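Only heavy atoms go into these numbers, but all of them, side chains included; no hydrogens, no water, no symmetry mates. Chain letters run A, B, ... following the sequence lines, proteins first and then strands; every chain starts at 1. Predicted model, so just to flag it, every value in this text is computed and none were measured.
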Amino acid sequence: MPTEADKAYDPVAVEADWRARWDRNRTNSFTLEELRTAERPFFNLMMFPYPSAEGLHVGNIYAFTGADVFGRFKRMQGHAVFEPIGFDAFGIHSENFALKSGVHPTELIPANVANFRRQLRRIGGMFDWDHTVDTTDPDYYKWTQWLFLQLFNHGLAEQKEAPVNWCPSCMTVLANEQVIVGACERCGTGVEQRFIRQWFFRITEYAERLLRNLKHIDWSDTTLKAQRNWIGRSDGAELHFPVAGSEREPGRTASGEDPGDEPAAETTRITVFTTRPDTIFGATYVVLAPEHPLVDAVTSNGCRADVEAYRARTQAKDMVARKKIEKRKTGVFTGGYCINPVNGDRVPVWIADYVLMGYGTGAIMAVPGHDERDFDFATTYELPIPRVIAAPGEDTSTPLEIAYEYPTGTLVNSGRYDGLDVEDAKTAIVGDLAAQGLAEAKVTYRLHDWCISRQRYWGPPIPIIHCEACGPVAVPEEHLPVILPHVEDFRPDATGVSPLSRVSDWYEVACPSCGGDATRETDVSDTFLDSAWYFLRYPSTDFRDRPFDPEITRRWLPVDCYIGGNEHAVLHLLYSRFVVMALHDMGLLHFEEPYDQFRAHGLIIREGAKMSKSKGNVIIPDPIIERYGADTFRLYLMFLGPFVEGGDYQDKGISGPHGFLHRLWESVVADDDQTPGDDPDPAVEQKLHQTIEKVTEQIATLRYNTAIAAMMEYLNAARAGGRAPARAEIEPLVCLVAPFAPHIAEELWRRLGHEGSVFDGANWPAFDPAKAAERVARVAVQVNGKVRGTVSAPAGADREAVVALASSEPNVARHLEGMEVRRTIHVPDRLLNFVVAEAAAIGSGSG
RNA sequence: GCCGGGGUGGUGAAAUCGGUAUACACAGGGGACUUAAAAUCCCCCGGGAGCAAUCCCAUGCGGGUUCAAGUCCCGCCCCCGGCACCA
């Protein structure tokens, strides 16, 4: 006998019950054997969270719920869906929090992870808890270190000097995002740059493939665009400007006839990169980055003091400030000159910090007439600004008020190239200079090599041993993992090197190669390395002796669907693509792109404002879940707006979805005497199939908000006028709602008499187009484009039939009176439009 | 500055192969049921005029194309996110 308590919807009880059943029945977990043999495998991935001390953020819940809805939907369509979750627990966030709170990360992180696990279970995600990953677990980072070694062994890891942000007050290295307008985010002290030897992965070797493959993968457009911009291919040329006074200048003839027979090795040349070789006649000076290696060579004695002072000033600025556009460009003349290779003109050489050593060749030819930055600089230092490109309607003498930068026009003031258009001139000039050894066509990428060294504590040690005799030596694979030693005080100190460099009994080791005295690398690796391969690990966590099992990997990878935030649209996705591509080239993976499909979700705001701790308007999930249940919370989050765009969380709005689930519950768990027979009402059944069609299509395209609206509309129709829906009307709705509200769906499915989980077996309702078809169409009738009435016509009715119906509609007839119908436009089942004009000037006026 | 994405009721938002603008929900108002409350159910809800039928206006602003424009084209304004001297 069901009791009263059994009949009321108690979300907290239902959800606790079903969490227990899922665990008991292993509903969401795969055994190793199941992973090996799964039919129709579907790898549903979401970006794993950083387990913060504050607990799961609504942003996380939003993202995970959206991904989980998709996974459950696929599962109900008969796929074997693998949906793992893990913890990205290394990195500067944990370390800084630990420094501030005084709790060591080795205590902090496990506590945070435990809390996250609890919260993740509570939201009802279909997570396989037997296959999780924690990047701080030595069993995991052993393989992160292994990955480093694979790249090292294949020549893709190398050491280079590179600048870091240094705060002289905190005595620590800062990440770029910790530098706010040139100052340390914590103490406000001005940041300097220091040069340190660091490890880099040669991702730039893969730039072209990383760019090219973007054409074939199914990703959000915005993400593809962000990747393209980041890789930043630009097509241009390197041009060589011999330094005046060094040997063997080319002849001074304007046409550049002197071929300068051999490209004389002893000639010092400044090589510039430009995308506009057509403007070379307008190059009135050359600018080197202050760090450029030729600065010393070109600087005259008279200018040396100024040059040195300027270089010192530049170095004191941090990299971030230097990248900000300042109002005035600055620079100094070196006293040196070089020769414009196209006409033999002597042009002065300057240094300026608007030229960056890290891009192109670290040197530019300045064309002030056709480049805004050069224009500003030339204006400041009163350098000449000639015109060499004329737009239509302009000529040589048209004054240049601002730089003319458009890549179209005709050359002027350019010797024998005058009259050529921009594109032809590029080819001709580069071709002619190349014949003299003074130019090469060249493609440059904005993408930099990936610096993975961190002078920090909370990360996996880089598995390298430095030996005086042998150089950097890989830690032998059998010695992995290189365990991160427990260091009580891991605060960075004045030396600016990693905290691990203070642990001599850890870093002093024998060289694996020669056995001599050697030291471990004391930097740890970037968190992005941890997350660059975690999806490979998930299905293979049953193996302790290999990072990923070939057979399992072949079945499950690449990832079928990846959902995550656009804040990782660039780096994380790019790095993981690179790692996969490299492993593919080593023969370790059968694919070279990790994610078949990627979708970026939107952001949640609250009551129209961005959420932030300082505003005190963050949504705290636990109390909401306690009050309404996870199902309501999930449903509401997905209802707020389109998943890929985000939405505005308004506290009161949750009552809508909550009421919907209550009504659904009552429609199933109705009083016995109200339970009607099994025959569905034809009109309701029609609506049902229309709803199945919409919901199926909209979930597949992540338009969850409208899918939910369609279900609400259907339930309203099925309950209209207080009627109790028939079982055949309501049972399919339980299935449709299941991806969003899995606990209540399970419970109602059980109460409808089914054994086991609604997610086992392909229970997604079948759509029958015949049942969904409308038999009567409501056709809007317009006169001159204005709606004057609607008529009901049999579906598919032809023009004459609809015209006849429409003409007898009183209001339509009134508007047609005295008018001549010139045209009639008929859109079947939708609309009829009479285009009319006054028949004659005679009888005006209507009734 | 550049690259994305947007501006539709009191609010979150629907509708973009051009075809009845405002689905669904919140907030608000009225009613039924109930001892009462909750829950449920029904009705109203863009602005203006009118007793009403009905008419006019309305999708950031200004033009245009079309029988027909929230949707397409041109020119602006504003908001959000990202990148930022990339030669």
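In this structure, NE2 of A/H568 is placed 13 Å from P of B/rG82, rounded to the nearest angstrom.
Contact check on A/R703 versus A/E697 returns a salt bridge, with a Lys/Arg side-chain nitrogen under 4.0 Å from an Asp/Glu carboxylate oxygen.
In this model, a donor atom of one side chain and an acceptor atom of the other lie less than 3.5 Å apart for A/H240 and A/T271.
Nucleic acid contact for A/R778: base, since at least one base atom lies under 4.0 Å from a heavy atom of the residue. Heavy atoms of A/R830 sit under 4.0 angstrom from primed sugar atoms or phosphate atoms, though from no base atom. Nucleic acid contact class of A/N716 (heavy atoms, under 4.0 Å, all strands): sugar-phosphate only.
Ring orientation note: the planes of A/F643 and A/Y62 are tilted relative to one another, at an angle of 30° to 60°.
Annotation: cation-pi geometry not satisfied between A/K329 and A/F377 (NZ/CZ under 6.0 angstrom from ring centroid, within 45° of ring axis). A cation-pi arrangement is present between A/R446 and A/W230 under the rule of less than 6.0 angstrom and at most 45 degrees off the ring axis.
Taking a pair as Watson-Crick or G-U with both hydrogen-bonding distances under 3.5 Å, the stems of three or more pairs touching RNA chain B are B:1-7 with B:77-83, B:10-12 with B:24-26, B:28-32 with B:40-44, B:46-49 with B:54-57, B:60-64 with B:72-76.
When the ring-ring contact (aromatic ring centres under 6.0 Å, His included) test is applied to A/Y636, the partners found at least two apart in sequence or on another chain are A/Y649.
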Under 4.0 Å protein heavy-atom contact, by nucleotide of nucleotides 45-54 of chain B - B base, S sugar-phosphate only: ---------S
